[in-house]
S.K.: 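Have a look at this one.
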Amino acid sequence: MSPPDLGARTLARAFLEQTLSAEGNALMLEHATREEVVGGLASAGRAVREDAAALPDGAPSPDPAPKEPEVVTGPQIAEAPDLETLAALVASCARCTLHESRKNPVFGEGAANARVVCVGEAPGAREDETGRPFVGRAGGLLDRLLLSIGLPRTSVYICNVLKSRPPRNRDPLPEEVAACSPYLLRQLALIEPEVIIAFGAFAARTLLETKSALGRLRGTVHRYSGYPVVATYHPAALLRNPGWIRPTWEDLQIVRRMLDGAGDREARIG
């Protein structure tokens, strides 16, 4: 995978700086769409091929005719040979009751050999409708944040701890997390990322098995099942609190330094 050219990274950083300078301007954030980023990169001369309506490589399309739910076993999950097989298990899964109310499972999408895996908490209403993670306004802001450190959306893998939407976007229950965690573990084992970005307090606490506040988890490198983890704010929270965008960008600099070859200690803030 070739790194993005300097022009693309410079433009992406400029997009983010516009956001940073407009803290509190909710209208500007509302129009910070993924299409603007893609159009800007294309106009800068970088060949960008991204169809916002299409799923990136490695992401299964939502099944228009869902299979009958079944209790998928731990060994079935652990032995899934690829992401496509694992996604099929999720599509027919009844390990918890969330399959009863979901419209579509949200397995995840992105590059099957991604260096970075982005993990959120659970699908929201738009994700449940489309079967895709991190769409809408929060997804557009996520794209811009990733581009600011030279990572187009199609170069990373994006998923959630839960693969089904909790009713009314309530917090996931412990039994739901326990039921879905084996899928996340298998996704990571198949992708073998260099670093995980945990977006949001719940995702960070779940992965790190802690009750610590996100403010205490930020700024350093943790471990989940052997993988380095950087915790930061969820894009949806940034839309409500634009003042958190700059700290989030600082967290992402840890990821960039790790990808550029710095060890965990050197990558930490400060």
Side-chain angles (χ1 to χ4, degrees), residues 12-13 15-34 36-37 106 108 116-130 132-149 151 153 156-173 176-177 184 195-222 224 229-256 269:
R13 183 168 298 178
F15 273 126
L16 185 59
E17 286 300 324
Q18 292 174 12
T19 303
L20 293 173
S21 65
E23 292 178 359
N25 188 338
L27 180 61
M28 192 284 297
L29 287 174
E30 183 175 358
H31 294 284
T33 65
R34 184 152 142 235
E36 290 174 343
V37 176
V106 184
V116 175
V117 170
C118 302
V119 180
E121 171 186 330
R126 287 287 301 276
E127 288 79 10
D128 186 49
E129 288 280 352
T130 63
R132 299 185 61 198
F134 283 88
V135 295
R137 293 171 61 203
L141 184 52
L142 173 67
D143 292 351
R144 292 174 67 173
L145 289 164
L146 292 172
L147 278 170
S148 74
I149 58 168
L151 296 175
R153 183 181 177 108
V156 304
Y157 195 88
I158 303 175
C159 59
N160 290 295
V161 174
L162 296 192
K163 310 307 183 191
S164 301
R165 180 195 180 198
R168 298 176 297 281
N169 289 347
R170 62 159 170 75
D171 285 343
L173 303 176
E176 295 164 352
V177 173
L184 177 59
V195 59
I196 299 168
I197 307 175
F199 283 101
F202 188 90
R205 292 181 191 138
T206 299
L207 294 180
L208 303 177
E209 297 182 340
T210 181
K211 294 183 179 179
S212 296
L214 183 58
R216 300 190 63 180
L217 298 175
R218 290 185 50 251
T220 190
V221 180
H222 307 272
Y224 172 69
V229 177
V230 173
T232 193
Y233 296 107
H234 194 285
L238 302 183
L239 292 171
R240 298 188 298 269
N241 303 278
W244 293 351
I245 294 177
R246 188 173 295 278
T248 302
W249 184 81
E250 292 172 353
D251 294 332
L252 294 181
Q253 298 311 301
I254 300 177
V255 176
R256 183 69 263 172
I269 293 177

S.K.: Parallel, tilted or perpendicular: which one describes the rings of Phe199 and His234, with boundaries at 30° and 60°?
M.R.: perpendicular
S.K.: Is there a side chain to side chain contact (heavy atoms under 4.5 Å, CB included) between Leu207 and Leu184 once you walk through the steps?
M.R.: CA-CA 10 Å; Leu207 294 180; Leu184 177 59; 3.5 Å; yes
S.K.: Judged by atom type as modelled, is there a donor-acceptor pair below 3.5 Å linking the side chain of Arg165 to the main-chain atoms of Glu127?
M.R.: no
S.K.: Report the C-alpha separation of Val255 and Ile197 in whole Å, then their side-chain angles, then the decisive distance to 0.1 Å, and conclude whether the side chain to side chain contact (heavy atoms under 4.5 Å, CB included) test is met.
M.R.: CA-CA 8 Å; Val255 176; Ile197 307 175; 3.8 Å; yes
S.K.: Donor-acceptor pair, Asn241 side chain versus Ala237 backbone, under 3.5 Å?
M.R.: yes
S.K.: Apply side chain to side chain contact (heavy atoms under 4.5 Å, CB included) to the pair Leu238 and Thr248, showing each step before the final yes or no.
M.R.: CA-CA 9 Å; Leu238 302 183; Thr248 302; 3.4 Å; yes
S.K.: Which heavy atom of Cys159 sits nearest a heavy atom of Gly108, and at what distance?
M.R.: CB-CA, 4.1 Å
S.K.: If you measure from OG1 on Thr232 to CD1 on Ile254, what distance do you get to the nearest 0.5 Å?
M.R.: 8.5 Å
S.K.: If you take all heavy atoms of Ile149 and Arg256, which pair is closest and at what distance?
M.R.: O-NH1, 2.6 Å
S.K.: Which pair of heavy atoms, one from Phe134 and one from Pro235, lies closest together, and at what distance?
M.R.: CE2-CD, 3.9 Å
S.K.: So which heavy atom on Val156 is nearest to which on Cys118, and how close?
M.R.: CG2-SG, 4.3 Å
S.K.: Going through the distances and angles, do Arg218 and Asp251 end up as a side chain to side chain contact (heavy atoms under 4.5 Å, CB included)?
M.R.: CA-CA 7 Å; Arg218 290 185 50 251; Asp251 294 332; 2.7 Å; yes
S.K.: What heavy-atom pair brings Asn160 and Pro133 nearest, and what distance separates the two atoms?
M.R.: ND2-CB, 4.0 Å
S.K.: Taking atom CZ as the centre, does Arg170 end up with more than 12 heavy-atom neighbours from other residues, nucleotides or ligands that are less than 6.0 angstrom away?
M.R.: yes
S.K.: So which heavy atom on Pro172 is nearest to which on Ala122, and how close?
M.R.: CG-CB, 4.4 Å
